[in-house]
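Proteins come first, then strands; the chains are lettered A, B, ... in the order of their sequence lines, and each starts at number 1. Since this is a predicted model, take the numbers as computed values, not measurements.
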Number of protein chains: 2
Amino acid sequence: MTAEDAHLDSTFAALADPTRRAIVTRLLEGDCTVGDLAEPFEMSLAAVSKHLAILTRAGLVTQTREGRTKWCRLEVTSLRPAALWMEAFGSFGAGDLDALEAMLIQQGLAEPDQP
Amino acid sequence: MTAEDAHLDSTFAALADPTRRAIVTRLLEGDCTVGDLAEPFEMSLAAVSKHLAILTRAGLVTQTREGRTKWCRLEVTSLRPAALWMEAFGSFGAGDLDALEAMLIQQGLAEPDQP
DNA sequence: GATCCATTCAACCATTTGGTTGACGATTCA
DNA sequence: TGAATCGTCAACCAAATGGTTGAATGGATC
């Protein structure tokens, strides 16, 4: 198995969990501490820490220690190989922009159009 | 967890394996029987059958029986939600919808807005 | 030093995955 | 009818996930 394959493996595996996708979405808005990231979830801090370990192992997140807290940063470029793989199958037909925008709005990442 | 989340889960999980990605790539060239799909791999037919079950459960593949053989077809549209999710994060940050739309238009994947 | 705070480690548990082998069901064909 | 073919099912195994709790680490603070 090539290194490229291994990276796609860990990237897709990292994204195959709603908690981790939520963490990634949250990090898109800016760096966070582990505690910040754990706060919205009804699970132990240790569980979130494990999710972060999986994201870090996949290269999607980097952590830097600052005092006794740890800051997490999203490495957007690390998502690109998987995004490109998907794009190879990409059948984004015209008209799908609406569906995409609807999803982004639902996730709070975009504002509804003002008619 | 929403149904959308569940679909992203199963889609990303299905893609998090090199054998299954190879199967998907192969199916892009056209429909195949289970035996055809299994042939390139150094693993049992039963193992490939299990991989196909995972792809089928995720909605990425449909199977139709014809005599004693079974034909597998890639359902490209089923990849779209995950592809859109990746596209939103792989290349652009929040608020970059305009840039995303511009890229899609440039690639002929979307139509310009009618002002 | 004592103590709180943020985070991880360790051990445990249930479930899923990725593979094996062998038996089985369904279908075709001599 | 009987035998070969295509594919799945069942049982098993090792390893990884996703979660828990409780102890341990590394810095701040008093």
Side-chain angles (χ1 to χ4, degrees), chain A residues 1-2 5-27 30-74, chain B residues 1-2 5-27 30-74:
Chain A
M1 189 170 55
T2 68
D5 265 349
H7 186 238
L8 289 177
D9 277 8
S10 58
T11 303
F12 283 128
L15 296 178
D17 180 279
T19 302
R20 289 194 293 267
R21 285 197 303 276
I23 288 174
V24 167
T25 302
R26 175 86 182 268
L27 284 174
D31 297 2
C32 285
T33 69
V34 175
D36 289 342
L37 289 172
E39 187 268 332
F41 300 107
E42 288 177 349
M43 71 180 66
S44 69
L45 197 57
V48 173
S49 184
K50 279 205 212 173
H51 281 302
L52 284 170
I54 290 174
L55 287 167
T56 300
R57 209 171 53 209
L60 270 53
V61 165
T62 51
Q63 297 179 303
T64 52
R65 166 147 243 143
E66 182 175 303
R68 63 185 160 179
T69 70
K70 225 170 189 176
W71 290 87
C72 302
R73 158 165 299 170
L74 180 64
Chain B
M1 189 168 58
T2 68
D5 264 350
H7 186 238
L8 289 177
D9 278 8
S10 58
T11 303
F12 283 128
L15 296 179
D17 180 279
T19 301
R20 289 194 293 265
R21 286 196 303 277
I23 288 174
V24 167
T25 301
R26 175 86 183 266
L27 283 175
D31 297 2
C32 285
T33 69
V34 176
D36 288 343
L37 289 172
E39 186 269 331
F41 300 107
E42 287 176 350
M43 70 180 65
S44 68
L45 196 58
V48 173
S49 183
K50 278 205 213 174
H51 281 303
L52 284 169
I54 291 175
L55 287 166
T56 300
R57 210 172 51 209
L60 271 54
V61 165
T62 51
Q63 297 177 306
T64 52
R65 167 146 240 144
E66 183 175 303
R68 62 184 162 181
T69 70
K70 224 171 189 175
W71 289 87
C72 302
R73 157 165 300 169
L74 180 64

[atom1]-[atom2] distance between [X] and [Y], expressed to the nearest 0.5 angstrom:
X: A:Asp9; Y: B:Leu15; atom1: CG; atom2: CG; result: 10.5 Å
X: B:Cys72; Y: B:Lys70; atom1: SG; atom2: NZ; result: 8.0 Å
X: B:His7; Y: B:Phe12; atom1: NE2; atom2: CZ; result: 10.0 Å
X: B:Gln63; Y: B:Leu55; atom1: CD; atom2: CG; result: 9.0 Å

Gap between atoms [atom1] and [atom2], on [X] and [N] respectively (whole Å):
X: A:Phe12; N: C:dT17; atom1: CZ; atom2: P; answer: 17 Å
X: A:Arg68; N: C:dA6; atom1: CZ; atom2: C1'; answer: 7 Å
X: B:Ile54; N: C:dT17; atom1: CD1; atom2: P; answer: 5 Å
X: B:His51; N: C:dG19; atom1: NE2; atom2: C1'; answer: 8 Å
X: A:Asp17; N: C:dT15; atom1: CG; atom2: C1'; answer: 14 Å
X: A:Gln63; N: C:dT8; atom1: CD; atom2: C1'; answer: 10 Å

I want to check one thing: is the phosphate of C:dT7, taken as OP1 and OP2, less than 4.0 Å away from some side-chain N or O of A:Ser49? no
Here's a test for you: under side chain to side chain donor-acceptor pair (under 3.5 Å), which of B:Thr64, B:Asp31, B:Thr62 qualifies with B:Arg73? B:Asp31
Between A:Gly67 and A:Arg20, the residue closer to the 5' end of DNA chain D by nearest nucleotide is A:Arg20
First of B:Thr69 and A:Glu66 reached from the 5' end of DNA chain D, by closest nucleotide: B:Thr69
Which residues within residues 36-47 of chain A lie with some heavy atom under 4.0 Å of an atom in DNA chain C? A:Leu45, A:Ala46
Sidechain-backbone polar pair: B:Thr56 side chain, B:Leu52 backbone, donor-acceptor under 3.5 Å: yes
Which two nucleotides bound the region of DNA chain D that has atoms under 4.0 Å from heavy atoms of chain A, read 5' to 3'? D:dT17 to D:dA28
Any Lys/Arg nitrogen of A:Arg21 or B:Asp5 sitting under 4.0 Å from an Asp/Glu carboxylate oxygen of the other? yes
Of the options A:Leu27, A:Thr19, A:Val61, which is the one that meets A:Leu37 in a side chain to side chain contact (heavy atoms under 4.5 Å, CB included)? A:Leu27
If you compare all heavy atoms of B:Arg26 against all heavy atoms of B:Asp36, which two are closest, and at what distance to 0.1 Å? NH1-O, 3.3 Å
